[in-house]
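Presented below is the structure to which this report refers.
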Amino acid sequence: MTAKETILGVDVTQATYESLTAELFQRINDQKQSFIVAINPEKIMKAQKDEKLRTLLNSADYHIPDGVGVLIASRLKGGNIKTRITGIDLMMRIIKEAANQQKSIFLYGAKPGVADQAAENVKQQYPDIQIKGTIDGYQKDMDDVIKTINQAEPDILFVALGSPKQEQWIRQYRNQLKVSLFQGVGGSFDVLAGNIERAPAAFRNLGLEWLYRLIREPWRWKRQLALPRFLIRVFFSRKGNHKPKT
Ligand code: UDP
């Protein structure tokens, strides 16, 4: 399995889109389960005060470095994370590969109608993709949700309930589900459905999505203070806290 390193006690996977996608599909073919969580500075900071959250994040199999802050932190600590892997971009890579390898997907989460619209847009982009179904993220009857997914038998399940709800959900139900690959994808269905715009590519390529969001939604500035706080904390924790793991 791909190597990991630890940033302030939270695991982060060292990988690229290519290496990770190849490994994930190998595991689908080997009928092994995988659970992918996206790690960003905000989650790492929350996990400092919340031991349960830290355990939950570390219980995933793959922890993608979603955010330029994680890359800077890794560099500060002499780590090896060189590429950002965003949740939505990995999801799109997985979908593309699923269409190529004839693996099926299922979308669970977001407001009623959103997953359906996202599925329609995905199908337009990848006509070969097998979409086994969708369920919105506000269904109360979990037995029913589990039953519906199991009857559909998808290889891949994207879960968009927001964080940490989606991670708790995956951890709680993965053993009951006949699914190989689970990815928690936050607000990605809203983006795929066209309800939320992503930052333009120029901002994304420079790792400046946060700046774009700050300009568009200035009231988020308080949330964004998490990034400098996080980097200061990483800087002062450099000695002894960085334990590369395999
Ligand atoms: N959501 C859901 N069920 C819930 C709570 C939230 O399906 O009980 C959905 C919500 O509609 C939205 C997504 O989860 O589509 C959360 O998106 P957000 O961008 O807040 O997630 P983040 O990545 O910031 O955790």
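Both ligands and their constituent atoms are indexed starting at 1 by order of listing.
- The environment of Lys123 atom NZ is dense: over 12 non-hydrogen atoms of other residues, nucleotides or ligands sit within 6.0 angstrom.
- Using a 3.5 Å distance cut-off with no hydrogens or angles, the side chains of Ser34 and Asp61 do not pair a donor with an acceptor.
- Residues Thr21 and Arg93 bring no donor and acceptor atom of their side chains to less than 3.5 Å of each other.
- Between Glu51 and Arg54 there is a salt bridge, since a side-chain N of the basic residue sits under 4.0 Å from a carboxylate O of the acidic one.
- Protein residues with any heavy atom under 4.0 Å from ligand 1: Gly109, Ala110, Lys111, Gly137, Tyr138, Ala160, Leu161, Gly162, Ser163, Lys165, Gly186, Gly187, Asp190.
- Remark: Arg198 engages Asp89 in a salt bridge, criterion side-chain N to carboxylate O under 4.0 Å.
- Residue Tyr108 forms a ring-ring contact (aromatic ring centres under 6.0 Å, His included) with just one option from Trp169, Phe158, Tyr138, and that option is Trp169.
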